[in-house]
There are 2 protein chains.
Amino acid sequence: MLNIVRSVAISYLGKVMKPVSHPDIDDIAAADVFAALADPIRLGILVALADVPEVDKARCNSFTEFASPSLLSYHFAKLREAGITRFRVEGTSRYLSIRREDLDRRFPGLLDSVLETARRDPNLPRLSGPLTVC
Amino acid sequence: MLNIVRSVAISYLGKVMKPVSHPDIDDIAAADVFAALADPIRLGILVALADVPEVDKARCNSFTEFASPSLLSYHFAKLREAGITRFRVEGTSRYLSIRREDLDRRFPGLLDSVLETARRDPNLPRLSGPLTVC
DNA sequence: ACGTAAGTTCAATGATCATTGAATTTCCGG
DNA sequence: CCGGAAATTCAATGATCATTGAACTTACGT
């Protein structure tokens, strides 16, 4: 019942804006960023994301080859809470992207060398095909 | 008894070379490096090490303000096992240094941006004075 | 040979982590 | 309104982690 009311209210606004909280990049400690990067699956996600030309267009669904939906959700949250990725909710889909500008300002040069480093690692999971954007 | 024999044998060689094993840098996965960096104490050690002009001259003892000897030993091992630092044993002292050349070859640009990132972090522990070299 | 300083090792602790599967929420299309 | 698709949440698991303090090793100086 309450759900119906809320659903109507949100629909009335025309756009669904689920409150997915993103931390202020200045509140992130260096150690927390490295902790978020200390996992092969998350590094694989990051590399795949970096290779998407269009920003904010990668659906979560694209990474099912890496892990189960439930586990992916866990890793997505880790990346988001470390200030590394951004989330956008649209309908039942979620789109994610790298917070490039924020990261470059707070940790200059880090993202690029991390990506370079990760790309060289043969042990990381990789998508079999190009990431379907849409 | 056996200890006496071994002690004599090593002393006879003139130099003490305790077998502190260092991993081949090519065996290190990217995620393992980031895991080693995901701790404020270890980042503090790394930054302090980077500021020492002479290589291989920083005594373990220098970091007692960061943690207890026992805990320091634990963190030193983490850094060493991730291929980030090098150890040299001389008498009862241990000297440590950053494996700069190795890291720069295997993970180009990473160390510098990590140091830059870590230096900006106000939450990291810092040595009260300059690191006594000798 | 003795005492001490420098570090390590070990066992124990509580905390956090990665993973799984089942249940749940949320939304879209018919 | 109903069924399915997308993704999250929750509880439970075993593993690893950071921290502590006590015991131990090793070497130096006297």
Side-chain angles (χ1 to χ4, degrees), chain A residues 2-11 13-21 31-32 34-45 58-64 66-82 87-96 125 132, chain B residues 1-21 31-32 34-45 58-64 66-82 87-96 125 132:
Chain A
L2 184 62
N3 285 340
I4 295 173
V5 173
R6 192 156 63 98
S7 183
V8 168
I10 293 178
S11 292
L13 295 174
K15 201 120 199 175
V16 182
M17 292 298 281
K18 243 289 193 57
V20 178
S21 75
D32 294 332
F34 294 127
L37 297 172
D39 183 282
I41 294 184
R42 292 198 288 268
L43 284 179
I45 293 171
R59 228 176 30 262
C60 288
N61 203 3
S62 316
F63 299 96
T64 43
F66 285 175
S68 70
S70 152
L71 183 53
L72 277 183
S73 213
Y74 168 76
H75 285 304
F76 288 148
K78 285 277 168 188
L79 286 171
R80 178 172 47 81
E81 286 161 12
F87 260 76
R88 186 170 55 86
V89 180
E90 194 170 319
T92 65
S93 295
R94 268 123 172 112
Y95 298 86
L96 68 151
T132 46
Chain B
M1 161 113 65
L2 184 63
N3 285 341
I4 294 174
V5 174
R6 191 156 63 98
S7 183
V8 168
I10 294 178
S11 293
Y12 182 73
L13 295 174
K15 201 120 200 173
V16 183
M17 291 298 283
K18 243 290 193 57
V20 179
S21 77
D32 294 333
F34 294 127
L37 297 173
D39 183 281
I41 294 184
R42 293 197 287 268
L43 285 179
I45 294 170
R59 227 170 38 260
C60 288
N61 203 3
S62 315
F63 299 96
T64 43
F66 285 175
S68 70
S70 153
L71 184 52
L72 277 183
S73 212
Y74 168 76
H75 286 304
F76 288 149
K78 285 277 170 191
L79 286 171
R80 179 171 47 80
E81 285 160 14
F87 260 77
R88 186 170 56 85
V89 180
E90 193 170 321
T92 66
S93 295
R94 266 120 171 117
Y95 297 86
L96 70 149
T132 45

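Numbered from 1 within each chain, the chains take letters A, B, ... in sequence-line order. Remember, it's a predicted structure, so these values are computed and weren't measured experimentally.
- Rounded to an integer number of Å, the gap from Y74(B) OH to dA11(C) C1' is 15 Å.
- OP1 and OP2 of dT26(D) both lie 4.0 Å or more from every side-chain N or O belonging to R94(B).
- Note on ring orientation: taking the six-membered ring where Trp is involved, the planes of F34(A) and F34(B) are parallel (angle under 30°, cut-offs 30° and 60°).
- Under the 3.5 Å distance criterion, the side-chain polar atoms of R80(B) are matched with a main-chain donor or acceptor of S21(B).
- The side chain of S93(A) lies closest to dA6(D), out of dA6(D), dT19(C), dT8(C).
- Residue-to-nucleotide proximity on DNA chain C shows that, of P69(B) and D39(A), the 5′-proximal contact is made by P69(B).
- Summarising the geometry, the separation between CZ on F34(A) and P on dT16(C) is reported as 21 Å, rounded to the nearest angstrom.
- Nucleotide dA18(C) holds its P atom 12 Å from the CG atom of L43(A), rounded to whole Å.
- Atom CZ of F66(B) and atom C1' of dA18(D) are 17 Å apart (whole Å).
- At whole-Å resolution of the value, CZ in R42(A) and C1' in dT19(C) are 12 Å apart.
- Regarding E90(B), its CD atom lies at a distance of 16 Å from the C1' atom of dA5(C), rounded to whole Å.
- Side-chain contact between C60(B) and F87(B) is present, with heavy atoms from C-beta onward closer than 4.5 Å.
- Rounding to whole angstrom units, CZ of residue F63(A) and P of dA6(D) are separated by 15 Å.
- One finds no side-chain N or O of H75(B) lying less than 4.0 angstrom from the OP1 or OP2 phosphate oxygen of dC17(D).
- Nearest nucleotide to the side chain of T92(B), out of dT8(D), dG7(C), dT26(D): dT26(D).
- Checked against dA18(D), dA27(D), dG7(C), the side chain of L71(B) finds its nearest nucleotide in dA18(D).
- Counting to the nearest Å, the P atom of dA18(D) and the CG atom of L37(B) are 12 Å from each other.
- With dA18(D), dA6(D), dT9(C) as the choices, the nucleotide that has an atom nearest any side-chain atom of N61(A) turns out to be dA6(D).
- Under a 3.5 Å cut-off, the side chain of S62(B) and the backbone N or O of R59(B) do form a donor-acceptor pair.
- The structure places NE2 of H75(A) at 4.5 Å from CG of D39(A), a figure rounded to the nearest 0.5 Å.
- Of the candidates dG7(C), dA18(D), dA7(D), the closest approach to any side-chain atom of R59(A) belongs to dA7(D).
- In the set dC10(D), dT8(C), dT26(D), the nucleotide with an atom closest to the side chain of S70(A) is dC10(D).
- Nearest nucleotide to the side chain of K78(B), out of dA7(D), dC17(D), dT8(D): dC17(D).
- Residue contacts shown for L72(B) are absent, as no nucleic acid heavy atom lies under 4.0 Å away.
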